Amino acid sequence: MGRRSKLRRGGRAITAIPGGFLHLSLLASLRRRPSLQAHAQLLLLGLPLPAPTASRLLRPHLRSGNPSASLRLFLRVLRDRDCDRRPCPVDSQEDVPDSSSFSAALAACSRHASPSPGFSIHAFLLKSRFASNVYAANSLLHFYGSFGLHSLAHKLFDEMPTRDTVSFNTLISSYVQSCCIHDAFEVFRIMVESGLRPDGWTVTALLGACAELQDLRAAKAVHGVARRMLEPQVFHSGEVATSLVDAYVKCRGMELARQVFDLAEDNARNARLWTTMVSGYARAQEFDIAQRLFHEMPEKDTVAWTALIGGFVRAGRYKEAVVLFEEMEEAGFEADEATIVTVLSACVGYGNIDLAKRLHCLVGRDGLINRNAKLATTFVDMYAKHGCIQTAQEVFSGVDDDFKTLELFNAMINGLARCKFGEKAIALFDEMGSLGLHPDKITFVCILSACRYSGLVSQGFRIFDSMEEKYGVKPEIEHYTCMADLLARDGQLDNAYIFIQNMPFKANSVVWSSLVRACMLHGNIKIRKLAEEQLLQLDPNYKPENLPLSNLFSEGKRKERTARVRKFLNHKPVCKHTK
DNA sequence: ATAGGGTTAG
């Protein structure tokens with residue numbers, strides 16, 4: 001361990017006094033001057049840091065803003081303790097991070113772009129004396145859930161010595177988020193059986209499951225459960241009312257949603273409940289009612305505006321969406337991340353280039369786009385889809401590494417694939433691991449598509465073969481489709497045919513028609529007949545002229561429609577803040 | 001101390 005007591009900065013040596021005092025005064029200055037945060041934290045990284053100080057330093061920072069730097073610091077502290085290999089004094093509160101800093105750190109891990117810091121903290125937690133602390137364990141549960149690692153979450157849950165309502169709620173939400181609805185209800189059953197009373201969070205999670213399934217009957221059943229099992233004041237709260245309305249809306253039960261809304265008491269009728277109703281009517285394409293309700297809404301906010309704008313976008317009424325956005329700005333509401341994402345798709349649909357550029361400027365200011373993966377992903381996706389792959393890449397590489405998420409990589413790889421930059425896509429794919437990001441099944445669809453559009457046969461198979469053994473992602477029919485098409489486009493039509501027949505899935509019409517198309521291209525009549533027989537079995541009305549060549553056509557049409565968009569987008573936004 | 005809620009969507 002290189003323990004330095006002197007740090008150099010700008011030619012001036014700062015003498016550090018080992019011990020807590022310096023840290024505490026730094027901490028104080030850090031609170032007062034946010035601009036110093038990054039520097040002060042770097043300074044601290046070079047110092048031996050007493051753990052209690054670290055805890056005090058970290059707790060407020062891990063909760064808000066950019067937790068990445070704080071997380072690095074926390075891990076550093078943990079490693080320092082670990083390297084010392086001192087026997088951990090069981091009763092001593094000294095020199096060891098306390099349990100609440102583990103919770104705070106894990107909460108930060110859940111919001112981090114990559115799961116790796118969370119894995120490390122789990123390891124340290126196991127060695128600490130808080131391994132069975134229910135707060136720490138619940139935070140860990142939430143961490144696994146937030147990265148969709150529900151099997152790890154469940155394993156952890158099974159091993160927890162104590163479980164409380166929060167543990168159950170967290171596991172249920174984890175399953176709902178991974179669309180394992182059946183498991184979510186199963187956990188709920190066990191929860192009730194073990195005598196724990198569900199609370200508002202439980203009901204909300206279950207209603208989320210009903211909404212996901214679009215199962216109106218299930219939503220009604222959960223409504224009944226809530227009425228019977230919740231404390232009356234919880235049942236009548238705005239939170240529960242909002243989840244009920246949200247579930248009914250998503251299950252297309254507007255009348256029921258309206259009933260809940262009408263019956264809600266005044267204190268439960270908050271902005272969220274209003275917004276849910278507005279967005280519900282907008283989803284149901286009842287724009288008159290949605291707008292009337294929106295105007296009746298006592299305290300509109302950015303989210304409510306965004307909900308209505310989003311309704312118009314979803315209905316393809318882009319012009320109205322853009323007009324509404326302008327009204328919103330005039331009324332003095334500031335666009336947030338969701339607004340930008342929503343309005344951007346309206347711009348693309350409506351061909352409003354000036355607004356798209358203005359939005360890019362808006363998020364380029366203060367480098368917002370460089371620290372917000374969702375924004376960056378939307379812009380990367382938009383630029384790539386319009387063939388502005390260079391601008392897409394600029395947006396991508398502008399994002400700080402700590403903020404690069406799996407979705408962002410997927411969007412960039414997908415963009416490179418579509419523009420036939422296969423090699424670049426593979427390079428990017430290889431880069432993910434170093435940021436602690438694990439490719440998922442979507443990543444593989446993108447990267448294998450990159451190979452097929454660029455004719456990279458051997459690389460494609462190398463990656464395909466590594467999917468399960470190296471990355472633990474089981475190939476699905478989409479991946480097999482890519483591989484069959486990769487072979488077919490390469491002219492290996494016999495191999496493609498054999499490959500399709502040996503797939504562990506029943507080939508669908510997508511697979512066969514891509515083979516027919518490749519046969520037409522390479523003039524292979526024998527395989528084409530075989531493929532067409534299969535297509536006829538799948539669809540007795542199959543005719544070669546109905547073959548979904550539409551891909552090609554629509555691509556051509558899309559290109560034409562977006563040519564104008566691209567022309568403008570290729571010029572960087574005229575904005576000094578961007579970049 | 002630990003968890004979500006309404007807006008984003010190819």
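What you see is a predicted model; the values in this text were computed from it and never measured. Throughout, protein chains are lettered first and strands after them, A, B, ... in sequence-line order, and every chain is numbered starting at 1.
Side chain A:Asp301 to base B:dG6: a donor-acceptor pair is found below 3.5 Å.
For the pairing with A:Phe294, the ring pair (Phe, Tyr, Trp, His ring centres under 6.0 Å) check across A:Phe312, A:Tyr281, A:Trp305, A:Trp274 returns one residue only, A:Trp305.
The neighbour count for A:Gln233 CD, taken as heavy atoms of other residues, nucleotides or ligands under 6.0 Å away, is above 12.
Looking only at side-chain heavy atoms (C-beta outward), A:Leu149 and A:Phe119 come within less than 4.5 Å of each other.
Within the 4.0 Å cut-off from OP1 or OP2 of B:dT7, at least one side-chain nitrogen or oxygen of A:Arg283 is found. The shortest distance between the side-chain N/O atoms of A:Ser345 and the OP1/OP2 oxygens of B:dA9 is below 4.0 Å. Between A:Arg314 and the phosphate of B:dT8, there is a side-chain N or O to OP1/OP2 separation shorter than 4.0 Å.
Looking at the side chain of A:Val341, the nearest of the listed nucleotides B:dA3, B:dT8, B:dG6 is B:dT8. Nearest nucleotide to the A:Thr276 side chain, out of B:dA3, B:dT7, B:dG6: B:dG6. Of the candidates B:dT8, B:dA1, B:dT7, the closest approach to any side-chain atom of A:Tyr135 belongs to B:dA1. Which of B:dT2, B:dA1, B:dG10 sits closest to the side chain of A:Asp164 comes down to B:dT2. Distances were taken from every side-chain heavy atom of A:Asp246 (C-beta onward) to each of B:dA3, B:dT8, B:dG6; the shortest belongs to B:dG6.
Rounding to whole angstrom units, CG of residue A:Leu362 and P of B:dT8 are separated by 19 Å. Put simply, CD1 on A:Ile369 is 15 Å from C1' on B:dT8, counting in whole angstrom units.
Relative orientation of the A:His223 and A:Tyr248 rings is tilted, given thresholds of 30° and 60° on the angle between their planes. Taking the six-membered ring where the residue is Trp, A:Phe379 and A:His360 present tilted rings, their angle falling between 30° and 60°.
Taking a cutoff of 4.0 Å between a charged side-chain nitrogen and a carboxylate oxygen, A:Arg292 and A:Glu296 do not qualify as a salt bridge. Using a cutoff of 4.0 Å between basic side-chain nitrogens and carboxylate oxygens, A:Lys441 and A:Glu478 are not scored as salt-bridged.
Annotation: proximity of residues 136-161 of chain A to DNA chain B (heavy atom, distance under 4.0 Å) is found for A:Asn138, A:Ser139, A:His142, numbered in ascending order.
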